Structure formats: C-alpha cells, structure tokens
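Values in this document were obtained by computation on a predicted structure and should not be read as measured data. So that the names make sense, note that chain A is the first sequence line, chain B the second, and so on, each numbered from 1.
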Amino acid sequence: MLKIYNTLTRKKETFIPRVEGKVGMYVCGMTVYDYCHVGHARVMVVFDTVARYFRYLGYDLTYVRNVTDIDDKIIKRAYENGEEITQLTERFIDAMHEDERALFVLPPDQEPKATQSIDSIINMICVLIDKGLAYVGNNGDVFYAVTKFKDYGKLSGKNLDDLQAGERVDVDLAKQNPMDFVLWKMTKVNEPAWDSPWGLGRPGWHIECSAMSTCCLGNHFDIHGGGMDLQFPHHENEIAQSEGATGETFVNVWMHNGFVRINEEKMSKSLRNFFTVREVLKQYKPEIIRFFILSSHYRSPLNYSDEQLNDAGTALTRLYNALRDCDFSTDIIDKDYKVKFDQAMQDDFNTPIALSVLFDLARELNKSKDSINQSTILASTLKYLAGFLGLLQDDPELFLKSGAEESDATADALIDKLVQERIDAKKAKNWALADSIRDNLKDQGVVVEDSPNGTSTWRRHN
RNA sequence: GGCUGCGUAGCAAAACGGUUAUGCAGUGGCCUGCAAAGCCAUCUACGGCGGUUCGACUCCGCCCGCAGCCUCCA
C-alpha cells in the first residue's frame with residue numbers, strides 16, 4: 001500500500017488513484033532564463049523517482065512537467081543579452097534537457113509550454129470572469145478576486161486576514177484586494193503579446209499551470225508536485241483558478257519537496273548562492289549527484305557541501321564495488337530484499353531507507369562472492385532495485401574507472417600499462433618498484449586493488 | 001506579526017511507544033609482501049524542562065534554537 005504525504009491534509013495518506021490503475025501527475029517545472037541549479041535538479045530527480053516507482057507498481061502514469069517560457073525575468077534577461085526571447089528560452093530548454101539526461105532523469109510524458117497554451121489560458125480566464133471570480137482592473141490587467149473563492153488558503157494554511165496584516169511591498173492600486181493576483185497582463189512596449197478579449201497582453205504566472213495541467217490531465221487529477229516555495233502563493237492560486245473555473249476538485253494529492261541549502265540557507269537565484277548542475281558536474285560524476293539527492297528524504301532539507309558530495313561518491317563506489325565482476329540475470333530477484341525495498345518506497349518514497357536496503361544487500365553480496373549462484377541473485381537484485389532509483393545502471397567497471405571528466409582512452413591505456421608493470425614487479429618480488437608505481441598512480445587519483453589470484457584492478461578516486 | 005516544518009551520535013541521514021538503522025569517519029581484528037577493497041567486532045545519539053505510560057528518541061504541553069513561506073524563486 002503506497003502512502004504519500006499530502007500537503008493539503010498534512011498527513012501521510014494511502015494513495016488511491018482517481019481511476020483504477022491510472023495516475024496523472026503534474027509537476028511545476030522551470031522558468032527558462034538561466035541554467036538549472038542543484039535545487040532544480042532535486043525537483044527533477046525526486047519526481048523522476050516518483051514516476052519510476054509508479055510505473056514499477058504497474059500504474060499507467062501520465063507525467064506532465066511544464067516549462068514557463070514567458071515571464072518578466074525572461075523578458076528582462078533577453079533584453080540584457082540583446083537576444084530574442086525564443087532564442088533565450090530555447091537555449092535554456094536545451095540546457096535543461098542536457099542536465100536532465102546527465103542525471104538519468106527520464107523525460108516527462110508531456111512538457112507543455114506556456115506560450116503554446118495561450119488559448120486554454122484565455123478560455124479559463126473568460127470562465128473566471130463569467131463566474132465573477134475575476135475582474136478587469138482600471139489599468140486593463142485582469143485579476144483574480146481571492147475573496148470570492150471561499151477555500152482560499154486551504155493548501156498553505158493561510159488566512160486572508162493574517163496575510164493582509166503582513167507587510168507587503170508595492171501594492172498594486174488596480175487591485176480590489178492586495179492579495180488579488182494577475183491573470184492577464186496588458187502588454188508594454190517591446191514585449192511579446194497575444195491578442196485577447198482584454199487586448200494585447202500576456203498571461204500571469206499562476207494561470208498557465210492551471211490551464212496546462214487541466215488541459216493535459218483533466219479538471220481533476222491525482223498528484224501535483226513542486227518545490228516547497230511554490231506552496232504559496234503559486235499552488236494556492238492554482239487551486240483558486242482551477243476549482244473556481246471548473247467547479248471540480250482540482251488535485252487529490254499535493255507533494256512538495258524540500259529545499260537544497262547551502263550553509264543552512266536556501267539555495268536560490270535571488271540569494272545568488274546557487275551552484276548550477278553543469279558546474280557541479282565538472283567536479284562530480286552525475287550519478288553521485290543523483291545519489292546525493294536521494295540520500296535524504298524528499299521533504300527534508302538537503303544541505304549541499306563538498307563533504308556531502310564526497311561521501312555520496314564513496315558510498316556509491318561501495319555499491320559499484322560490490323557489483324564488480326558479477327553476473328546478472330533479470331529473472332531471479334531476492335524476494336526478501338525486494339519486500340524491504342518496497343516497504344521503504346511505499347512509505348512516502350523513503351529513499352534513505354531504500355538505499356540502506358541496497359547497502360545491506362551489498363554487504364551480503366560481498367560475502368557471497370565465492371558462490372556464483374548466490375552472488376548472481378544478489379547482484380541482480382541490487383541492480384534491479386537500484387534501477388527504480390535511477391542508480392547503478394552503469395557498467396561497474398566503467399563507473400569505477402571513470403572520473404568527473406570525459407573518459408580518456410589513452411590515459412586509461414597508460415594506467416593499464418603501469419598496473420601491468422606493477423604486476424610484473426610483484427611477481428619478481430620487487431616490492432619497492434611495485435609500491436612506487438602504486439603510489440605514483442595514487443597521486444594521479446588512481447587506486448590500485450590487488451586480488452588474491454595475482455591480478456590487479458584499478459579505479460579512479462572520486 | 002501570521003502560517004509551515006525541523007532539532008538524532010564526529011559528519012550525513014532514517015525508523016520505531018519496549019528489540020542492530022544505514023553510509024562516511026574512528027578503534028580493534030581477519031585478509032594482504034605492504035596496501036586497497038572486503039569481512040567481523042566495537043565506541044560516540046536522540047535540543048531543554050515537565051506530563052501521559054509499566055515503559056518515550058518516538059505521544060502531549062511549554063521553552064530554547066534553526067529553516068522556510070507571507071514579494072519572483074524548485
């Protein structure tokens with residue numbers, strides 16, 4: 001029985017799909033004006049893992065993750081760069097897909113873009129105006145009237161009166177209520193604009209997700225996810241828009257992942273304390289980053305530091321080491337470990353425990369190396385289960401011999417040659433030479449390991 | 001100010017009302033020419049104060065500390 005923590009009820013609930021055997025999941029994706037940072041990577045990896053697990057459980061999943069390709073920041077950045085908006089957004093969409101592939105994130109089934117959903121956005125705004133939930137302000141912008149939606153605040157646990165008491169910057173005088181938010185913005189000079197019943201303009205941020213999600217998954221679907229910071233106001237506003245427009249329940253389960261932190265502080269673009277995925281990839285192998293992300297529960301904060309990444313690298317090396325030189329078979333899986341793994345994953349996708357099961361498995365595998373049958377079963381089980389986390393699918397030999405940089409065949413050949421020279425030196429009992437070769441390689445980040453039968457292997461230190 | 005959430009050993013990170021988490025690091029041993037890897041053993045815990053209970057790290061209350069949201073942010 002799969003349990004998922006639902007932000008709406010603040011409880012873990014047994015997951016019951018709306019339609020038996022099917023799951024619709026929408027995740028708020030990136031605004032594409034810059035490279036993805038580790039915080040974005042967390043969203044991608046976490047929901048990729050959720051998606052993989054739903055499929056593993058046999059659900060027919062439709063996973064939608066949008067791209068916000070029109071907003072103030074995009075316009076500003078394009079202007080600063082002296083670049084066409086579409087040129088900028090296409091560039092960063094490509095970069096995002098590259099990062100995604102690097103982190104073994106499988107593409108979502110649908111990836112709608114805001115600029116390609118203008119019709120459904122306009123339709124939804126029309127309905128909201130017809131229903132008296134939205135109005136045209138005296139500056140021509142269209143606003144959502146939050147006081148008209150009785151459940152406003154139900155997701156974030158906020159209450160309009162308290163919010164109004166809070167300090168607010170720059171209250172827009174065209175609004176009836178300071179908490180009202182924009183559905184449609186009138187165009188300014190040199191901005192992209194679409195024709196609408198209210199004149200040339202562009203959509204506000206929140207409406208695009210309401211339009212795209214209901215468009216792709218229907219008025220009512222199972223899961224909506226995103227980072228914690230989207231809880232309010234973004235997701236709150238989505239509920240107001242979608243439920244206001246359709247009169248139906250919008251989403252059954254709201255999932256929010258925790259932040260990536262640096263020095264106990266949220267990693268964010270505005271604080272300028274972020275590392276982009278491609279920066280980190282220069283230093284660490286992609287699978288290490290994925291392992292690092294999954295080593296804490298998706299709702300917990302995740303502190304980013306070199307120490308953490310190094311630990312993740314060592315831990316992952318242990319698993320790959322266990323798989324080294326093993327045979328694999330797809331049809332023999334150890335049931336006990338599978339059950340333990342499932343128990344962890346079904347408890348709100350508890351990946352730290354799922355990983356601990358993999359380590360238990362690795363220990364037993366290391367002990368069973370002299371029994372081919374047993375080690376094949378355990379190795380196959382380890383690789384099979386790890387696959388649902390998007391881990392351990394590389395050839396162990398390749399993983400262990402690779403570094404963060406692109407692999408270099410000539411460098412590897414040279415290492416092989418030195419390792420062979422060392423084997424020869426060992427045979428001649430020339431320990432001094434053997435040790436100096438080993439020390440030499442170690443200085444280059446290559447660890448040599450001997451095996452009982454006189455052969456030697458090597459791996460690159462993370 | 002309002003609303004969330006968190007506080008576990010050297011570091012990271014989980015579960016659980018009474019029983020080994022797990023990874024890294026440390027210590028002792030086995031293995032090894034010596035190492036590394038691996039195996040075995042082992043030391044460091046549950047922010048503070050009360051309460052409930054036969055028994056609480058786990059439930060409740062208060063306090064302290066931290067983070068986040070209330071403005072664009074994954």
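Per the stacking criterion (ring centres < 5.5 Å, plane angle < 30°), A/W431 stacks onto the base of B/G33.
Within 4.0 Å (heavy atoms only), A/D435 reaches at least one base atom of the nucleic acid. Using a 4.0 Å heavy-atom criterion, one finds that A/S296 contacts the sugar-phosphate atoms exclusively. At a threshold of 4.0 angstrom between heavy atoms, the contacts of A/H297 are confined to the sugar-phosphate backbone, with no base atom among them. Within 4.0 Å (heavy atoms only), A/R438 reaches at least one base atom of the nucleic acid.
Listed nucleotides B/G33, B/G23, B/A74 differ in distance to A/V43; the shortest reach to its side chain belongs to B/A74.
A/D180 contributes a side-chain N or O that, together with a main-chain N or O of A/N177, makes up a donor-acceptor pair within less than 3.5 Å.
With a 3.5 Å ceiling on both atom-pair distances, B/G33 lacks any Watson-Crick or G-U wobble partner.
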Derivation of the salt bridge (Lys or Arg N to Asp or Glu O under 4.0 Å) call for A/R290 and A/E287: CA-CA 5 Å; A/R290 186 166 176 118; A/E287 198 172 342; over 6 Å; no

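Residues A/R459 and A/E397 are not paired through a salt bridge, judged by the lack of any N-O separation under 4.0 Å between the basic side chain and the carboxylate.
One C1' atom belongs to B/A14, the other to B/C72, and the distance between them is 34 Å to the nearest Å. The P atoms of B/G68 and B/A13 are separated by 16 Å, rounded to the nearest whole Å.
Mapping A/Q231 and A/S451 onto RNA chain B via the closest heavy atom, the residue that lands nearer the 5' end is A/Q231.
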